[in-house]
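Here the structure comes first, spelled out in structure tokens, and everything after it is commentary.
Counting convention: from 1, in listed order, for ligands and their atoms alike. Worth knowing before you read on, the calculation uses all heavy atoms, side chains too, and leaves out hydrogens, waters and symmetry mates.
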Amino acid sequence: MEEKVYEVPADWAKRAYVDDTKYRAMYEASVRDPEAFWGEHGKRIHWFHPYHRVKNTSFAQGKVSIRWFEDGTTNVAYNCIDRHLPARAKQTAIIWEGDDPAESRHVTYQELHDEVCRFANVLRNRGVGKGDTVTIYMPMIPETAFAMLACARLGAIHSVVFGGFSPDSLASRIADCRSKVVITADEGLRGGRKVPLKANTDAALERLGNTVEHVVVVRRTGGAVNMEPGRDVWYHEAAKMVTSECPAVEMNAEDPLFILYTSGSTGQPKGVLHTTGGYLVYAAMTHQYVFDYHDGDIYWCTADVGWVTGHSYIVYGPLANGATTLMFEGIPTYPSISRFWDVVDKHKVNVFYTAPTAIRSLMQAGEEPVTRTSRASLRLLGTVGEPINPEAWEWYHRVVGEGRCPIVDTWWQTETGGILITPLPGATRLKPGSATRPFFGVKPEIVDAEGKVLEGPAEGNLVIADSWPGQMRTVYGDHKRFMDTYFSTYPDKYFTGDGCRRDADGYYWITGRVDDVINVSGHRMGTAEVESALVAHPKVSEAAVVGYPHDIKGQGIYAYVTLMAGEQPSEDLRKELVAWVRKEIGPIASPDLIQFAPGLPKTRSGKIMRRILRKIAEDEFGNLGDTSTLADPAVVDDLIHNRQNKR
Ligand code: ATP
Ligand code: MG
């Protein structure tokens with residue numbers, strides 16, 4: 001496919017913190033002397049006691065240990081709230097937009113302070129203190145951010161479980177981190193539908209016996225719920241009994257801040273542990289530079305706080321920077337498919353950060369739902385979560401951003417705490433589909449199957465050669481699993497699990513999960529390239545490609561294809577798509593089988609689960625692996641049904 005390049009727009013070159021020359025100089029300095037670089041940038045947060053030792057990290061086999069700023073002390077909530085009060089008490093910290101467009105709320109930094117202190121006092125009265133774990137199972141409301149920050153204020157470790165998870169998934173996550181306190185709401189509200197959070201919590205706790213001592217229940221919808229005397233308490237009642245002052249506990253830089261489970265795209269979710277100082281420095285710094293955040297900007301990340309994107313780029317990064325961050329309770333299609341853009345216009349959003357899955361689904365409905373809105377306030381667009389197909393990138397750029405907003409395609413993981421590979425809007429020429437260049441302090445390498453480091457333009461497996469402050473420290477309670485999962489495939493390096501290509505300009509292109517690589521007649525192929533070719537066809541909205549056993553080629557290419565709204569599957573279209581891929585990439589990439597699918601199996605965070613598609617393609621219906629993170633199990637039944645019909 002021909003390569004398009006987008007130059008840095010002139011207005012961006014003027015306003016941005018960093019231009020290309022500065023990026024190169026800062027990057028160079030950051031990898032030449034990480035101690036000096038992070039020693040300087042660590043000062044962006046407030047330390048009660050300053051650090052003297054900046055970096056103490058080892059990726060050595062069997063001895064992996066990661067410590068940043070280890071003799072410094074600080075508090076995350078203090079940094080996200082208290083230190084802003086002299087200048088920003090009256091500034092909006094959180095804009096909340098409800099599921100119902102008639103509902104919204106502005107929370108100032110002073111109000112944030114008072115609410116977080118109250119929440120912390122309610123928790124403290126229930127015995128929560130430094131080192132205790134608290135599970136948060138909440139909808140997207142400001143109280144969720146208050147609860148997270150309240151834990152941070154007390155030094156308690158939160159584990160946020162996405163509100164879309166079932167009682168079983170919630171129960172296993174509560175058990176895994178042994179929480180004695182759970183914070184939930186009566187019900188959530190998404191797309192006009194109620195989500196029975198308290199009832200789910202009750203069901204989860206029933207499975208666990210009596211291990212949870214306190215359930216704090218925030219009233220959201222006012223729906224009727226069961227309250228267990230002695231265990232359950234209404235937050236609004238408990239909050240009346242406490243003051244709005246609560247000291248921020250002095251924490252060591254390496255004290256745990258939170259546990260968060262990965263999305264489960266490639267297998268059973270991992271309980272990722274992040275700590276205090278390095279995480280906050282990294283989340284705040286990436287938020288400022290990647291989104292080029294300036295005072296007064298209105299910034300909106302559409303993720304749920306149940307995912308790491310919500311942790312780092314709705315709550316901690318923006319608030320550490322004294323930003324105004326928008327939190328959205330609803331979904332992109334309610335009450336209409338223009339909702340995202342209506343919210344942008346209503347709150348004059350300048351920076352908008354979402355996922356490829358959302359863009360692809362909005363593309364299905366055409367341009368009019370976008371173009372009937374103004375979007376004049378938008379200045380920068382972002383994406384995260386999966387490789388973005390160039391076709392979707394172009395649409396996002398041309399239709400949503402009217403060609404004037406750069407797109408930051410940010411590659412990172414739950415494990416990395418913050419963005420590792422990304423454009424900077426004032427510095428980086430953009431290539432649709434490429435996450436472009438490493439952020440400061442990040443040393444990506446591409447290795448072959450044997451671990452040999454490949455130089456120059458190359459394709460292989462993506463590893464990171466040295467630590468950065470936002471890196472996860474361990475799998476909670478299982479350091480051996482941490483070392484085995486991330487540091488044993490390629491000794492002394494952090495293995496990302498992703499395949500990657502580096503082009504002649506040094507740009508990085510994520511080609512898909514290493515587990516998903518297809519080997520056709522000895523040619524190794526990432527899934528992203530074939531999928532992007534399919535998505536580039538005007539009738540295709542989404543595609544997922546997997547390998548399946550093939551007598552002659554070793555592996556054949558099996559493509560699941562979702563069509564644009566209004567398009568019908570047909571034998572002719574099937575042939576047309578095979579010919580299309582052949583023309584776009586070459587004969588080697590032509591799909592052997594195409595299954596038209598009304599929907600693809602996705603994690604609850606919106607990523608395509610190819611491991612399930614692979615099983616279906618291999619006819620292994622009885623052995624689909626961990627399906628607990630699947631958003632809509634009916635999609636899988638449907639795919640199996642159609643697959644079976646075909647034989
Ligand atoms: P699990 O680790 O449980 O299998 P997961 O990897 O989907 O689940 P996350 O931490 O939410 O869990 O996702 C990180 C992964 O998402 C990355 O490893 C990468 O495959 C993908 N990803 C994220 N952002 C991008 C991006 N901008 N471009 C390409 N891929 C991305
Ligand atoms: Mg992963």
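Counting only heavy atoms of the protein, atom 19 (C) of ligand 1 lies nearest to Asp498 OD2, 2.9 Å. Among protein heavy atoms, atom 7 (O) of ligand 1 sits closest to Ser265 OG, 2.4 Å. Nearest protein heavy-atom contact of atom 11 (O) of ligand 1 is Ser263 OG, 2.8 Å. Among all protein heavy atoms, the one lying closest to atom 28 (N) of ligand 1 is Glu386 O, 3.3 Å. From the protein, the heavy atom lying nearest to atom 29 (C) of ligand 1 is Pro387 N, 3.1 Å. For atom 6 (O) of ligand 1, the closest non-hydrogen atom on the protein side is Arg513 NH1, 2.7 Å. The single protein non-hydrogen atom nearest to atom 13 (O) of ligand 1 is Lys607 NZ, 2.8 Å, given as residue, atom name and distance.
Between the side chains of Glu394 and Tyr6, at least one donor N or O lies within less than 3.5 Å of an accepting N or O. Judged by distance alone, the side chains of Thr410 and Tyr353 do bring a donor and an acceptor atom under 3.5 Å apart. With no hydrogens or angles considered, no side-chain donor-acceptor pair links Tyr494 and Thr416 at under 3.5 Å. When only modelled atom types and interatomic distance are considered, Ser467 and Thr57 share no side-chain donor-acceptor pair under 3.5 Å. No side-chain donor from either of Tyr17 and Asp292 sits under 3.5 Å from a side-chain acceptor of the other.
The pair Glu254-Arg67 fails the salt-bridge criterion, with no side-chain N (NZ, NE, NH1 or NH2) lying under 4.0 Å from an Asp/Glu carboxylate O.
Every atom of ligand 1 with a heavy atom of Ile510 under 4.0 Å away is listed here by number and element: 29 (C), 30 (N). Against a heavy-atom cut-off of under 4.0 Å, Glu415 is close to the following atoms of ligand 1: 10 (O).
Both the sub-6.0 Å distance and the 45° axial angle are satisfied by Arg173 relative to the ring of Phe165.
Below 3.5 Å of separation, one finds no N or O of Gln268 facing any N or O of ligand 1. For the pair Thr496 and ligand 1, the shortest N or O to N or O distance does not fall below 3.5 Å. Considering backbone and side-chain N/O of Gly264, one or more are found under 3.5 Å from N/O of ligand 1. Taking distance alone, with nitrogen or oxygen atoms compared against 3.5 Å, Gly385 approaches ligand 1 more closely than that limit. At a 3.5 angstrom cut-off on N or O pairs, Thr414 counts as close to ligand 1. Backbone and side-chain nitrogen or oxygen atoms of Asp409 are examined, and one is located within less than 3.5 angstrom of a nitrogen or oxygen of ligand 1.
Atom CZ of Arg404 is surrounded by more than 12 heavy atoms from other residues, nucleotides or ligands within 6.0 Å.
Here Glu391 pairs with nothing under the side chain to side chain donor-acceptor pair (under 3.5 Å) rule; sequence neighbours left out.
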